[in-house]
There are 2 protein chains.
Amino acid sequence: MPDHTRPPDKRATIYDVAAEADVSPSTVSRAFSRPSRVNSETAERIRRVAERLGYRTNPLARALTTSRTHMIALVIADITNPVYAEIVRGAQATAMNDEYTTLLIDAQESDRLERTAIERTMPTVDGIVLASSRISDSAIRMFAKQRPVVVLNRAIADVPCVVTDNPRGVRRAAEHLGELGHDHITYVAGPQASWPNGIRWRSLLEAGMELEIKVRQIGPFSPTIEGGERAAEELRSRPATAVLAFNDQMAIGLIRGLTRMGVDVPGDVSIVGFDNILAADIVTPGLTTVAAPLYAEGSAATRHLLSMIEGAPGHTGRPMVLPVRLVVRHSTAVRNLRPGRARPPGVRQRPTTTPAVHLS
Amino acid sequence: MPDHTRPPDKRATIYDVAAEADVSPSTVSRAFSRPSRVNSETAERIRRVAERLGYRTNPLARALTTSRTHMIALVIADITNPVYAEIVRGAQATAMNDEYTTLLIDAQESDRLERTAIERTMPTVDGIVLASSRISDSAIRMFAKQRPVVVLNRAIADVPCVVTDNPRGVRRAAEHLGELGHDHITYVAGPQASWPNGIRWRSLLEAGMELEIKVRQIGPFSPTIEGGERAAEELRSRPATAVLAFNDQMAIGLIRGLTRMGVDVPGDVSIVGFDNILAADIVTPGLTTVAAPLYAEGSAATRHLLSMIEGAPGHTGRPMVLPVRLVVRHSTAVRNLRPGRARPPGVRQRPTTTPAVHLS
DNA sequence: CAATACATGGCAACCCGTTGCCGTTGCGGC
DNA sequence: GCCGCAACGGCAACGGGTTGCCATGTATTG
């Protein structure tokens, strides 16, 4: 009779299984963690006993020795922002695929919150994906020294990064507006701590040079619908005919604000957003926007992180960049040369929601 | 000279601190976990040494003995659905307040996925909040035997629950439609596995009895915009003048589908949704909907869970119910008595986005 | 048939804290 | 001066696996 017993309400351990299967605990351990190391018949027997006893290996105990928890953290700037939903999906799916659990952290656009959350989480995870982090480069590098880190939507030297092709997206948007006759584009800026905000503006500057389109910037505003509405206010005193907004929420806020003020979109002002969130297709007029491969972002970043955890070198020199595309809907139109008057022919006033056109 | 040394790249442990501070490891442990148990000067010295060595207590090792990880899981049905964003916020905030970390799991509306995710997560968390779970009552009861569980948006006997006042919400919607002259309401059903779906329909049946309004149900449809569009198709062959949709996404899909088919909302058909998501205020016409206190839901469920983890009794007999309110926008109007013809006076055709009216 | 290699399984140390229990010390009370 | 008690700190046994190393038995090789 085995000398090891347990109160029946507690979970079975390898010791219980070992006693039942008449082997040593180490053999049970190996039967699960490296089956090749044990005779296949023995392993089978152990597995059967384990099944019967309802044994599950305790991930905490395992983590204690291996220092691998099989958990990764995904830190996002703002869970309220729908772009992260697909990113989270992509990340979760690839993590789950490798039997990793994802720990989601919402930083609520707060530098301080983000930092403390990371500090608290760090010791229990094998690696971290920082999506649109708001903390400083140096702080991120600090974290990257302790655990594998992949940064999403931001480029930092010496840390592996995944970004979307912002320059190209901005360029496509500028070309599109240029083709519609616009020779001046106003960029409505989002949070200054946001890396995409910076690169989008710089990309617009550059595109403006090459395409001979004048550009200017207003803001920063909060990256929300309200932020866009405030920007619309400001546009009142500094009118524009073409606007590129930091993201779709702001673009939607702009549409609402301008419409309320009696300005017609796209008749008087063309508006382009960023991200192609669901609401971009719901708002009237449908929002022309630069679409990012969100699911792929989450997935790529996670895959990279997992390979680092498995011991891959990690830093690849340059950031990995994912392609974007311009989705043309109805918030952009030929420039109205006589402001406030009749519109040029061919521009619909009340666009219905027809299938959007996807370019490049 | 202390006999305990460590490679400088590894994190300091209580043993390192103990050696430096010239006390035993247990004293170090106590200095952190129950400071009253050790002399305040000693504790202070230990704390200083720990600080200098950069010591942080390893949560995994602690969890191994205390079987408390200070993590809770929050399982949501679909991260793509914006209602969960605020619920997550509420949950995270109250968890963080008590120094708990939240592990978010997206079940992607899949019974199987949800179950396996829970099984995998269970051993590493102190408790679970199931928000809009799609798994069976009995499965939930099984889980509830192993760990504290709180169920959100669903009522199950013997398991603590937090729900919103669906009957009242439906009642308010029905009253509102009744006042507008509607004597027939069509309920557009969501997922059959969804508990709110069932209670909303039953509540409508009941409200219909009392208010002398005829009701019927079509569906089920997927709880998405596409689902709503498909429902609009079906409505073509079985017309309605007033529709209550399972949620806002479906309501928005209905508006789009009907509008595309040339049916005027709210002129020909009035539509009411559920949840008051952001897009409800963006769509044209603005959606009349039953708003739930999302943040409070997440927060209440989490608070209840935490108190159970701390040893509170848990099951309170009846579910905790949170109040709802009807947000009236522009998707509902006086019933059009001559279908397909001129509309009764006083009903706007192109509602602009004016501030919504909040009732009760 | 001896020598060697490989497949298996056990022993015991280790991961890093936690905690029940006991020993020591100092102090107040009688 | 003796006793009892409280405060403090250490010992050692956990918690549940993992893994380096060794012992045994069997198969392979020359």
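For the numbers below, each heavy atom of this structure counts, side chains included, while hydrogens, waters and symmetry mates do not. Residue numbering restarts at 1 for every chain, and letters A, B, ... go by the order of the sequence lines.
Checked against side chain to side chain donor-acceptor pair (under 3.5 Å), B/Asp126 has the following partners two or more places apart in sequence or in another chain: B/Thr69. Partners of A/Phe32 under the ring pair (Phe, Tyr, Trp, His ring centres under 6.0 Å) rule, at least two apart in sequence or in another chain, are A/Tyr55. By the ring pair (Phe, Tyr, Trp, His ring centres under 6.0 Å) test, A/Tyr84 pairs with no residue at all, sequence neighbours left out.
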Open item on the list: Between B/Ile140 and B/Ile135, does the side chain to side chain contact (heavy atoms under 4.5 Å, CB included) criterion hold? Intermediate values first, please.
Closed with: CA-CA 7 Å; B/Ile140 292 178; B/Ile135 61 182; 3.6 Å; yes
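Within the 4.0 angstrom heavy-atom criterion, only backbone atoms of the sugar-phosphate kind lie near A/Tyr55; the bases stay farther away. Backbone-only contact: B/Val23 has heavy atoms under 4.0 Å from sugar-phosphate atoms and none from a base.
Comparing A/Arg30 and A/Ile14 against DNA chain D, the residue whose closest nucleotide sits nearer the 5' end is A/Ile14. Nearer the 5' end of DNA chain D, as judged by each residue's closest nucleotide, is the contact made by A/Ser33, out of A/Ser33 and A/Arg37.
For the residue pair B/Glu114 / B/Ser133, a side-chain donor-acceptor distance below 3.5 Å is found, with atom types taken as modelled. Between the side chains of B/Arg120 and B/Thr116, no donor N or O sits under 3.5 Å from an acceptor N or O.
Of all non-hydrogen atoms in A/Ile79 and A/Asp106, the two that sit nearest each other are N-OD1, 3.1 Å. Contact between A/Val163 and A/Ala155 at its shortest, heavy atoms only, is CG1-N, 4.2 Å.
Within the 4.5 Å cutoff, the side chain of A/Leu152 has heavy atoms near those of the A/Ile87 side chain.
Remark: B/Ala61, B/Leu64, B/Thr65 in residues 58-71 of chain B come within less than 4.0 Å of DNA chain D through at least one heavy atom.
Chain B approaches DNA chain C within less than 4.0 angstrom (heavy atoms of the protein), and the contacting nucleotides run 5' to 3' from C/dC16 to C/dC21. Put simply, chain A comes within 4.0 Å of DNA chain D, heavy atom to any atom, from D/dG16 to D/dC21, going 5' to 3'.
Using a cut-off of 4.0 Å between Lys/Arg side-chain N and Asp/Glu carboxylate O, B/Asp158 and B/Lys145 are scored as not salt-bridged.
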